[in-house]
*Asks:* 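Below you will find the structure I want to go over with you.
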Amino acid sequence: MALRVYNTLTRQKEAFQPIEPGKIGIYACGITVYDLCHIGHARSAIVFDVISKYLQYLGFEVTFIKNFTDVDDKIIDRAHAEGCDIKGITEKYIEAHNRDMDALGVARPTIAPRATENIEGMIRLITTLFEKGLAYDADGDVYYAVEKFKGYGKLSGRNLEDMLAGARVDINEKKRNPMDFALWKASKEGEPWWDSPWGKGRPGWHIECSVMSQRYLGDTFDIHGGGEDLIFPHHENEIAQSEGATGKPLARYWLHNGFVRVNSEKMSKSLGNFSTIQDMLLSYHPEVLRLFVLQSHYRSPVDFSEGSLRDARTGMDRFYTALKTMKDTLASHGGAINEGKDPLTEEHRQVFEKIMTLPERFAEAMEDDFNTAKAIGHLYDAVRILNSFMAEWKNKPASETVYVLVRSREILLRTGAVLGLFLDDPDHYFDADRNREVRKKGLNVEEIEGLVEARRLARAQKDWKKADEIRQALVEKRVSLKDTSDRTVWKIE
RNA sequence: GGCGGCAUAGCCAAGUGGCUAAGGCAACGGUCUGCAAAACCGUUAUUCACCGGUUCGAAUCCGGUUGCCGCCUCCA
């Protein structure tokens, strides 16, 4: 294994070495729970899910921590707007988030801690920062004195002078340096608060991650991840807090995923150009979303559009068509597996050997900074080889054929599973896809099936003209037909 | 203004010094099919935004130009 990862801290790919052999700790910044998750959140979640799954596939025991920020200005605003307390908001959106992630096939983290469950730890950490001379109290607000931390700016690649030059920070007379950031905020009227040595208040945004990562993963852990917008200020500030307190590096490798864009602009709440995961799942199979995300490298920006999702759907259909053909071929030949006792024919052996190289090529792509796009290219290669093989052999049952298909399918499914793909049953995949499309386009299933049956009768009587007219009528409803030896299946384009 | 990233075929997208520039979508031709669809076979970038440089050799390294994007404020 020669895993190499791009480390934002050093701006280059590095050989990956876990701190403790066989074990890996990952901390990924979660979301602030005040609204539904959109495709951008989905990308980040899918990327780190795949990283975690791949590391487990390599045999590592992975501890994956992803937090919920459940106290913050936006949550408070939302609670005021809806006339409830913050828990009324956070519970609702944590639940929605979990539903979305489950639907996307994103594994639940080992632990999903919440900021509000870690207030004591934050107070302890802030106290330590006071002791180190890195924090100061200003009328109940507590700030971090960035000038006192010599490494400030090392992650984002800038220094304090650069930051001040273009600073767009609020003028705040309480701060000694405009770049100082809040560790603790005095609560205003109507805001949630906790008691602290500095009065009633609530935590600043960054302190929670320093506390929770240390609590569950220790002073120094392997991988810290998040969207690239978190590099500054959030992750920079986490480093200042954690390393300022412990004197040890916070994380060995910093991984950041690129954004989802819409018309070349960042997808975000503030621009209002977002699509929620919930909405997308009404129109597409979750694995289509995963394929869409994983077809680009995780650090590149990816442009979201209806067209690019349709393309991903077509690609996913290609995979499931192959899996369906394999399933049907095996079902029709049930049982007779040649367990390698009889020698394979030359053609069988050649196909089998090509498929056997898939895990190796897959690993080669993945260990180069998780190159899922390349890995998917290898999956398509395997599918083409298998389709070709089946086209040649499916009507000539042979125990070697069954053997090759059974083993090949295992390999395909095992590698696909690392990406969270091919987990559905092919028949279920196509049924669900058809149901989604029918609902979306408001089509009438009985009417379609009636036409399909009418065409079947016409074909049985070799009335090709009538059969083609019916098919043309269906095509106008975007229904496409596929005649197999015993029946006709239809799908929506 | 400061810092950083990107530019590869009609579209999406791998590739970061050296075999014929992955793969997907789309298109076209062929096989199969009553005809289609799916599948398979074949075709589609002598060229990697542009200009210059380094090198025996560059899409890949260096300098410049143009265009796009991100961060510097909450943000995955």
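All chains are named by letter (A, B, ...) in the order of the sequence lines, taking the proteins before the strands, and each is independently numbered beginning at 1.
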*Asks:* With rounding to whole Å, what would you report as the distance between B:A21 and B:A9 at their C1' atoms?
*Replies:* 11 Å
*Asks:* Between C1' on B:A76 and CD1 on A:I277, what's the gap in Å once rounded to a whole number?
*Replies:* 10 Å
*Asks:* Both distances below 3.5 Å, Watson-Crick or wobble geometry, any strand: find the nucleotide opposite B:C71.
*Replies:* B:G2
*Asks:* Taking a pair as Watson-Crick or G-U wobble with both distances under 3.5 Å, which nucleotide is matched to B:A39?
*Replies:* B:U31
*Asks:* With both distances under 3.5 Å as the test, what is the Watson-Crick or G-U wobble partner of B:C56?
*Replies:* B:G18
*Asks:* When you check every protein heavy atom under 4.0 Å of nucleotides 34-39 of chain B, what one-letter string (B, S, -) results, 5' to 3'?
*Replies:* BBBBSS
*Asks:* State which of B:C68, B:A76, B:G2 makes the closest approach to the side chain of A:D162.
*Replies:* B:G2
*Asks:* Select base, sugar-phosphate, or nothing to describe what A:G226 touches, counting heavy atoms under 4.0 Å on all strands.
*Replies:* sugar-phosphate
*Asks:* What contact category does A:F259 fall into here, base, sugar-phosphate, or nothing, at under 4.0 angstrom with non-hydrogen atoms?
*Replies:* base
*Asks:* With a non-hydrogen cut-off below 4.0 angstrom, is A:G30 in contact with a base, only sugar-phosphate, or nothing?
*Replies:* sugar-phosphate
*Asks:* Counting only Watson-Crick pairs (N1-N3 plus N6-O4 or O6-N4) and G-U wobbles (N1-O2, O6-N3), all under 3.5 Å, who is the partner of B:A9?
*Replies:* none
*Asks:* Can you check the distance between B:A22 and B:U16, where both ends of the measurement are the C1' atom (answer in whole Å)?
*Replies:* 15 Å
*Asks:* A:N273 CG to B:A76 C1': how many Å, rounded?
*Replies:* 14 Å
*Asks:* Tell me every residue that passes side chain to side chain contact (heavy atoms under 4.5 Å, CB included) with A:P109, counting only those two or more places apart in sequence or in another chain.
*Replies:* A:F64, A:K66, A:A112
*Asks:* Sequence neighbours left out, what passes side-chain hydrogen bond (donor to acceptor under 3.5 Å, both in side chains) with A:D328? Give chain and number order.
*Replies:* A:K324
*Asks:* My understanding is that only residues two or more places apart in sequence, or in another chain, count here; which of them pass side-chain hydrogen bond (donor to acceptor under 3.5 Å, both in side chains) with A:R261?
*Replies:* none
*Asks:* Not counting sequence neighbours, which residues clear side-chain hydrogen bond (donor to acceptor under 3.5 Å, both in side chains) with A:S305? List them please.
*Replies:* A:S308
*Asks:* In whole Å, measure the gap between the P atoms of B:U65 and B:A59 for me.
*Replies:* 23 Å
*Asks:* Taking atom NZ of A:K462 as the centre, report whether more than 12 heavy atoms of other residues, nucleotides or ligands fall under 6.0 Å from it.
*Replies:* no
*Asks:* Please answer whether the main-chain N or O of A:G40 pairs with a side-chain N or O of A:S44 as donor and acceptor at a distance below 3.5 Å.
*Replies:* no
*Asks:* Less than 6.0 angstrom from the centroid, inside 45 degrees of the normal: does A:K269 satisfy that with respect to the ring of A:Y34?
*Replies:* yes
*Asks:* Should B:C50 form a Watson-Crick or G-U wobble pair with both distances under 3.5 Å, which nucleotide is its partner?
*Replies:* B:G64
*Asks:* Which nucleotides of nucleotides 5-14 of chain B have their base under 4.0 Å from a protein heavy atom (B), which only their sugar-phosphate (S), and which neither (-), written as one string 5' to 3'?
*Replies:* --------SS
*Asks:* Expressed as a whole number of angstroms, how long is the span from A:Y380:OH to B:G23:C1'?
*Replies:* 8 Å
*Asks:* If you look at every strand shown and take non-hydrogen atoms under 4.0 Å, does A:V260 touch a base, only sugar-phosphate, or nothing?
*Replies:* base
*Asks:* Could you state the atom-to-atom distance from NE2 of A:H378 to P of B:G15 in whole Å?
*Replies:* 11 Å
*Asks:* So what does A:R158 hit on the nucleic acid, given a heavy-atom distance under 4.0 Å: a base, only sugar-phosphate, or nothing?
*Replies:* base
*Asks:* Considering only atom P, compute the distance from B:A14 to B:G57 and round it to an integer number of Å.
*Replies:* 30 Å
*Asks:* Separation of A:F181 atom CZ from B:C71 atom P, in whole Å?
*Replies:* 20 Å
*Asks:* What is the nucleic acid contact for A:K269, judged by heavy atoms within less than 4.0 Å: base, sugar-phosphate only, or nothing?
*Replies:* nothing
*Asks:* B:C51 and B:A58: how far apart are their P atoms, nearest whole angstrom?
*Replies:* 15 Å
*Asks:* Report the residue (A:C29 or A:A375) whose heavy-atom-nearest nucleotide on RNA chain B is the more 5′ of the two.
*Replies:* A:A375
*Asks:* What integer number of Å spans the P atoms of B:C48 and B:A36?
*Replies:* 40 Å
*Asks:* Nearest-Å distance, CD1 (A:I76) to P (B:C74)?
*Replies:* 14 Å
*Asks:* With sequence neighbours left out, write down each residue that passes salt bridge (charged side-chain N to carboxylate O under 4.0 Å, His left out) with A:K465, or none if nothing qualifies.
*Replies:* A:E469
*Asks:* What is the distance, rounded to the nearest whole Å, between atom NZ of A:K154 and atom P of B:G4?
*Replies:* 18 Å
*Asks:* Kindly write out the residues that satisfy side chain to side chain contact (heavy atoms under 4.5 Å, CB included) with A:E493, not counting sequence neighbours, or none if the list is empty.
*Replies:* A:R478, A:S480, A:K491
*Asks:* If I pick the P atom on B:C41 and the same atom on B:C25, what distance separates them, to the nearest angstrom?
*Replies:* 12 Å
*Asks:* For a side-chain hydrogen bond (donor to acceptor under 3.5 Å, both in side chains) check, start with the C-alpha distance between A:H348 and A:T345, then their side-chain angles and the critical distance, and finish with the verdict.
*Replies:* CA-CA 5 Å; A:H348 282 78; A:T345 66; 2.5 Å; yes
*Asks:* Determine the Euclidean distance between corresponding P atoms of B:A7 and B:U60; express it in Å to zero decimal places.
*Replies:* 11 Å
*Asks:* I'd like to check the side-chain hydrogen bond (donor to acceptor under 3.5 Å, both in side chains) partners of A:E353; sequence neighbours left out, ordered by chain and number.
*Replies:* A:R349
*Asks:* Say you draw a straight line from NZ of A:K154 to CD of A:E236; how long is it, rounded to the nearest 0.5 Å?
*Replies:* 8.5 Å
*Asks:* Give the rounded distance in Å between these two atoms: CD of A:E236 and P of B:G2.
*Replies:* 20 Å
